[in-house]
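Okay, structure first, notes after.
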Amino acid sequence: MRLVLTEPAEEMDRPYARRWWALLVLCLSLLIIVMANTALTVAAPDMTRDLGLSSADLQWVIDAYTVPYAALMLLLGAIGDTYSRRGALVLGLVVFGGGAVFGSLADSATTVIAARAVMGVGAALIMPATLSLLAATFPRAERAKAITLWTATAGLAIAAGPVVAGALLKSHGWASTFLINVPVAVVALLAAFVLVPPSKAGHDKPIDYIGGLLSVVWIGSLVYMIIEGPHFGWDTKAVTAAVVAAAGLLAFVLWELRHPHPILDVRRFTARRFAGANLAVALFFLAVFGAFYYLTQHLQFVLGYGPLDTGVRMLPLAGAVFVGAALTGYLTPRVGMKWTVTAGMAGGTAALALLTRVDGTSAYGDLVLPLIVLGLAIGLALSPCTDAIMGSFPESDLGVGGAVNDTSLELGGSLGIAILGSLLSTTYSDRLADAVSGSELPASALATAQDSVGAGYAVAQGIGDKARELAAQAAQATDLQQAAQLKAQAGQLAQGARQMADAVGTSFADAVAHTSLVGAIVLGVGTVAVGLLLPLGAGKNAARSAEGAQPEGEVKPVGGETERVARSERTDEVTETKKSKKSEETAETKKTDADGAGGEEAAETKEPARDAAN
């Protein structure tokens, strides 16, 4: 047996024997690129302190990863399809690992932002490659199960990131949260050569580079606008990004409609199943990422848990994702994608609705049920959507299919953090101003406290430090009257510090409840929209697919090529050859029937009918 696997997946005459080991490599690759974001939420306070990051710096440390990640996936997915999907995975792991090393050595905001951007480029190579290699390696009958495990890995990574980061921060600095990615990337890279078969599209279709570049422009501008506008105000940069995104999207759609080999056939979005699945992914992760953003802050700042304790308390969500994924594998073939996806989205809506009960007296126990419901919802909704999106693409465009799925996810997540995060910040600021109105808190201190919940507690701590300083002076004073005055001032400040801390905690808890209400409304409306958009009969198609049969329903012909939904067992060349052969047989039959006796008219009717059935 060769150490490096060289036989392409497309040329194997039977399912690849070590495909489940290959899936482990793909899931390991997915794990680190998702954890790279969730771990940072826990490491952010230490990083802010050591590098002196402003709130704007910290925002871009987080989002410098997201912009190239979302913008480049479509183009890099197409390039991977054409040249080598495994090559894209390996190159992505190298770039991602290099960016992680670069980030661990950063000593300024600019350097760490640049490192995060490099990691985002690597993630843009890895993410679509994992899905395209999964789809190319697994037969259709097993693909839904493999995608379910891929989805569960993504859910695990969301919760595992804070746990890993918290454990590292116990005895190491924030740089360790970057370095932990390096050995994992090296293991995945080496294992990819041994366990993952090479794969690429079976055609010589040229890459639509202009369409790819237009996708980079409009998606990158849109994500930049989503980040810049809500957080930093609608200034010239944000408005310019919005205009560029709109113009770029229009140019992209017009170009793709006219191009004979588009990088993404935008006509696919006229298919209800495909459009509904993408809408569900985007809306669902708008809610999930937004909720994760403020729940980690609530656990750390309001409830006072450390980084590791915060991560551990997010684990019920990860466990519930696995349960939900197992349920969807059982339910989808029986009741259909429409019902499992809408049930998952309804569950997500219910989880956010439960969070509206959070207030200043809430403890961790009040968060456990919403976390479990949210995890179940992720497991139920995500894998059927991913399977539907991937099933809408032929074997030649699996990388593009993975990129479309992941772009919907990233755009939804970016919108969730931007919109719900901005609403959270505004609500917290307003509630805090109301809570301390009438107090003697200086305006400058209030403005600082309104910046974030962390800044609010820092102001309260500063007041408390001043109280302790006055108390120490009172203890050392020889003049009894002066000592009494200092002690009284210290007592007033100490009481003010407690009141300030209570006001910060209550205001942030109220902001969590209010933001969750808005998120629940958005996701609830989205659930209805997706339920109306997704077609019935998906359960029958899923069952047929699981048996290896052709699902009902086709995507309209594009560029002279008929692309059947979920018909991914055959390559494009085989399909075209068989269609050509059938056409010749039909033509020959018709010619024979035309020359034959009238008694053969039944055969003339029967032969085209058999062709149509095929």
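If you read the sequence from its start, that first residue is 1, and numbering goes on from there.
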### Task
Mind running side-chain hydrogen bond (donor to acceptor under 3.5 Å, both in side chains) on Thr386 and Trp150 for me, showing each step along the way?
CA-CA 10 Å; Thr386 300; Trp150 182 92; over 6 Å; no
### Task
Could you please spell out the steps behind the side-chain hydrogen bond (donor to acceptor under 3.5 Å, both in side chains) verdict for Thr427 and Asp430?
CA-CA 5 Å; Thr427 306; Asp430 292 344; over 6 Å; no
### Message
Apply side-chain contact (heavy atoms from CB on, under 4.5 Å) to residues Asn181 and Met119 and explain how you reach the verdict.
### Response
CA-CA 10 Å; Asn181 295 302; Met119 293 173 70; 4.0 Å; yes
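Looking at heavy atoms from C-beta onward, Val321 lies out of side-chain contact with Leu156 at the 4.5 angstrom threshold. Between Leu299 and Leu367, the closest side-chain pair of non-hydrogen atoms falls below 4.5 Å. With a 4.5 Å cut-off on side-chain heavy atoms, Phe284 and Leu409 do not count as touching. The closest side-chain heavy-atom distance from Phe96 to Ser29 is not below 4.5 Å. The shortest distance between side-chain heavy atoms of Val184 and Leu31 does not fall below 4.5 Å.
In this structure a side-chain-to-backbone donor-acceptor pair under 3.5 Å is missing from Ser429 to Ser425. Side-chain N or O atoms of Thr296 include one that pairs as donor or acceptor with a backbone N or O of Tyr293 at under 3.5 Å. When atom types are taken as modelled, the side chain of Arg268 and the backbone of Ile389 share no donor-acceptor pair closer than 3.5 angstrom. Formation of a donor-acceptor pair under 3.5 Å by the Asn278 side chain with backbone atoms of Val281 is not found in this model. No donor-acceptor pair under 3.5 Å is formed between the side chain of Thr506 and the backbone N or O of Ala503. Checked by atom type and distance alone, the side chain of Asp366 pairs as donor or acceptor with a backbone atom of Ala363 at under 3.5 Å. The backbone N or O of Trp174 sits less than 3.5 Å from a side-chain atom of Thr177, completing a donor-acceptor pair. Within the 3.5 Å criterion, the main-chain N or O of Trp218 finds no donor-acceptor partner in the side chain of Ser221. At least one donor-acceptor pair closer than 3.5 Å links the side chain of Thr130 to the backbone N or O of Met127. Side-chain N or O atoms of Ser507 include none that pairs as donor or acceptor with a backbone N or O of Val504 at under 3.5 Å.
Contact detail for Leu446 and Ala433: the closest heavy-atom pair is CD1-CA, 4.5 Å. Considering all non-hydrogen atoms of both residues, Ala529 and Leu279 come closest at CB-CD2, 4.4 Å. The two residues Ser383 and Thr328 come nearest to each other via the heavy atoms OG-CG2, 3.1 Å. Residue Val302 comes nearest to Tyr457 through the heavy atom pair CA-OH, 3.6 Å, listed as atom of the first residue, atom of the second, then distance. The two residues Met337 and Cys385 make their nearest non-hydrogen contact at CE-CA, 4.2 Å. The heavy-atom pair separating Leu374 from Gly348 by the smallest distance is CD1-CA, 4.3 Å.
The side chain to side chain donor-acceptor pair (under 3.5 Å) check on Thr111 picks up Ser108, with sequence neighbours excluded.
Ring geometry for Tyr364 versus Tyr305: interplanar angle over 60°, hence perpendicular rather than tilted (30 to 60°).
Each of Leu355, Thr356, Thr361 was evaluated against Val358; a single residue qualifies, Leu355, per the side chain to side chain contact (heavy atoms under 4.5 Å, CB included) test.
Under the salt bridge (Lys or Arg N to Asp or Glu O under 4.0 Å) criterion, no residue pair touches residues 103-118, with sequence neighbours excluded.
Salt bridge Arg431/Asp434: absent, no basic N to carboxylate O contact under 4.0 Å.
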